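Contents: one structure, followed by commentary.
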Amino acid sequence: MAKLRIHNTLEKKKEDFIPVDPNHVRMYTCGPTVYNYAHIGNARPAVISDLLVRVLRCIYPKVTYASNITDIDDKIINASIETKTPIDEITSKFERIYNEDMASLGVQAPDIQPHATDFIDEMIGLIQMMIDKNAAYESEGHVLFDVTSYSSYGKLSGRDLEDQIAGSRVEVASYKKNAGDFVLWKPSVDNQPGWESPWGFGRPGWHLECSVMSEKSLGLPFDIHGGGMDLIFPHHENEIAQSCGAHGEDKDPKIFSRYWIHNAMLNMNGEKMSKSLGNIFYIRDFLDKQPGEVLRLALISGHYRQPLNWTDDTIEQARIILDKLYRSLKKTDDIKVDIDSFDNESSTVLNALCDDLNTSKAIAEIIEIAKNLSKANSDDLKKKFKKELLFSANLMGILQESPDVWLGIGKADDNLDSDNIEKLIQERNEARAAKDFQKADDIRSQLNEMGIEIEDTADGTVWSSK
RNA sequence: GGCGUCGUGGCCAAGUGGUAAGGCAGAGGUCUGCAAAAUCUCCAUCACCAGUUCGAAUCUGGUCGACGCCUCCA
């Protein structure tokens, strides 16, 4: 069986992946706060997680993947005030858009997609458990987590509490016992949304929801927890502390999640993506110009733990590679294969992905397979390589279109007349047969001006719109 | 101030102790009336310096440079 190795942030090294239960692997990835359009940076963890889930499904009989929707948060409240739109209108709209955008990137829907607001009771319950075990305390209407109650605090992020406090730029709130304590529950005032709780009307702190939803969705301990590197501290560190605190564990973070994977950030032309720089790239805008698969391949063109610099070139190169793969597939349109009969063990792509998601290597391998397919000179070989190509593509979540559609073959825009195109091609071929190459070339340039490219193949002339 | 990451050919990007994958671009060849596609060949000693080693892009120390987190953030 293929062996998966992944880099575990908790141990800061690449490890063999050993599931809690080999018959049922469970994974959680922090999902979006739905208050705006999803940008390209939001897509990276989703695509990487999706890829890992696909690999896991290849190896293990059952995989449950949960990823949440955060639908209560100060950012949402602010967006609601700014746009004078009810909160649930904002959250339902942007959740729908997020899911649509991810789908177009080939991200399979999570098995479970819990909403924070559906777990308020459970969050209150978890806080109560922390209070009962002296891991949390109430103060000035807030409930706070006491970081001194958890001895491994800082293990995930490699931080030392004392150092943090010394260099901190944030003033310590009056209601905190320790500077590092963080909010579990905070009061809601005026028109802020909230729920009744033993500590008054309020709402949960940011980190609490993921502790609750991951546990309720998957049970503890589960196998893998993912997210962006910027979440390591404080979000994930605090999730661990809360879950351990609630369950009376004061040391071992692995009673929560065994492995933690984190993707590096994405830069826009070398700069951090941020509102102030005005370089936020929304997936929506991109999808108007390029198919989702291009974006997906571009996102996995580099290793997930390396920063990815997003430029026009990144996109262009992904497009070129996909065109090449689709062309090799097009060449063997007539060959029918049964992918299910493919032997996973021999997959070079699966092997590459099993090595901590070495996507660059996987891409190199799939190009190699396509090359083999193009060169194949017998039906047996064509079958063999096509099967391997399709299996690999499915694993990577690409080549889901039909080659004809992708390459624009025989497809005219509304303002193009395909009958006319066919007629011109026929005329050109007659000219070619009569060795009137001047006329043939004239017709080609005429078609070119119409935005039509033609290609003479062994099976006749194929045209596609640019 | 603390923690951490990175620096591989013109560009993108793997490799992390045994002599530099892959893609793009470029050069040349095959095929084609031409073109396109396909295919073949060629194209780097791994920021710098000093060590460890039979052997280093890969380990250690230092220098320079880029960047992230510590505050909402994927």
Side-chain angles (χ1 to χ4, degrees), chain A residues 9 12 14 29-33 35-36 38-49 73-75 78 154 157-171 180 206 226-235 237 262-267 270-275 280 297-299 301-311 313-321 323-324 327-328 330-331 348 352 355 358-368 370-371 373-375 407 431-438 440-441 444-445 448 453-458 461-464:
Chain A
T9 309
K12 289 165 188 57
K14 218 193 274 189
T29 296
C30 288
T33 301
Y35 69 107
N36 200 347
H39 58 68
I40 184 72
N42 293 313
R44 178 119 103 143
V47 168
I48 293 299
S49 296
D73 178 276
D74 286 1
K75 289 193 292 293
N78 292 337
S157 53
R159 279 159 213 270
D160 181 82
L161 266 182
E162 300 302 317
D163 292 343
Q164 289 299 303
I165 294 158
S168 176
R169 284 177 263 148
V170 188
E171 263 184 60
W206 170 39
M229 271 183 188
D230 53 345
L231 294 182
I232 294 175
F233 191 90
H235 188 237
E237 193 73 73
H262 291 98
N263 61 276
M265 301 294 100
L266 193 142
N267 298 317
E271 285 180 316
K272 182 180 172 169
M273 189 160 44
S274 77
K275 244 175 212 164
I280 305 257
L297 193 68
L299 279 169
S301 61
H303 189 82
Y304 75 93
R305 280 189 289 107
Q306 290 310 131
L308 180 65
N309 193 27
W310 193 260
T311 66
D313 239 37
T314 316
I315 301 163
E316 184 56 28
Q317 296 221 7
R319 172 89 212 189
I320 288 169
I321 290 170
D323 282 351
K324 186 187 283 241
R327 259 185 242 116
S328 75
K330 169 69 187 164
K331 271 178 88 171
T348 51
D355 181 16
N358 191 337
T359 46
S360 297
K361 180 108 182 289
I363 292 170
E365 296 294 357
I366 200 170
I367 289 171
E368 177 71 20
K371 199 173 275 189
L373 179 59
S374 295
K375 286 193 285 186
L407 299 167
R432 287 172 69 209
K435 303 239 185 284
D436 183 355
F437 297 123
Q438 180 59 48
D441 289 348
R444 196 219 307 275
S445 22
N448 233 299
E453 278 179 352
I454 56 173
E455 192 181 325
D456 297 323
T457 74
T461 304
V462 177
W463 64 274
S464 56

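Note that the structure is a prediction, hence the values are computed from the model and not measured.
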Sugar-phosphate only, base, or nothing, as touched by A/Asn358 at under 4.0 Å among non-hydrogen atoms: sugar-phosphate
Rounded distance in Å between the C1' positions of B/rA66 and B/rC48: 15 Å
Separation of atom CD1 in A/Ile366 from atom P in B/rA14, rounded to whole Å: 18 Å
Side chain of A/Lys361 (C-beta onward), nearest among B/rG33, B/rC11, B/rA14: B/rA14
Between P of B/rU32 and NZ of A/Lys435, the distance in whole Å: 12 Å
5′-ward residue of the pair A/Gln317/A/Leu231 relative to RNA chain B: A/Gln317
A/Asp456 backbone acceptor or donor facing A/Thr461 side chain under 3.5 Å: no
Contact pattern, 5' to 3', of nucleotides 35-41 of chain B - B, S or - by protein heavy atom under 4.0 Å: BBSSSS-
Separation of B/rA14 P from A/Ile367 CD1 (nearest whole Å): 14 Å
A/Glu368 CD to B/rA13 P, straight-line distance once rounded to whole Å: 22 Å
Given RNA chain B, 5'-ward residue of the pair A/Leu266 and A/Glu271, judged by closest heavy atom: A/Glu271
Nucleotide nearest A/Asp230 when distance is taken to its side chain, options B/rA13, B/rA74, B/rC34: B/rA74
Assigned partner base of B/rA66, Watson-Crick or wobble definition, under 3.5 Å: B/rU5
Complementary nucleotide for B/rA27 - Watson-Crick or wobble, under 3.5 Å: B/rU41
A/Thr359 side chain vs A/Ala362 backbone, donor-acceptor pair below 3.5 Å: no
ring-ring contact (aromatic ring centres under 6.0 Å, His included) partners for A/His235, two or more places apart: A/Trp206, A/His207
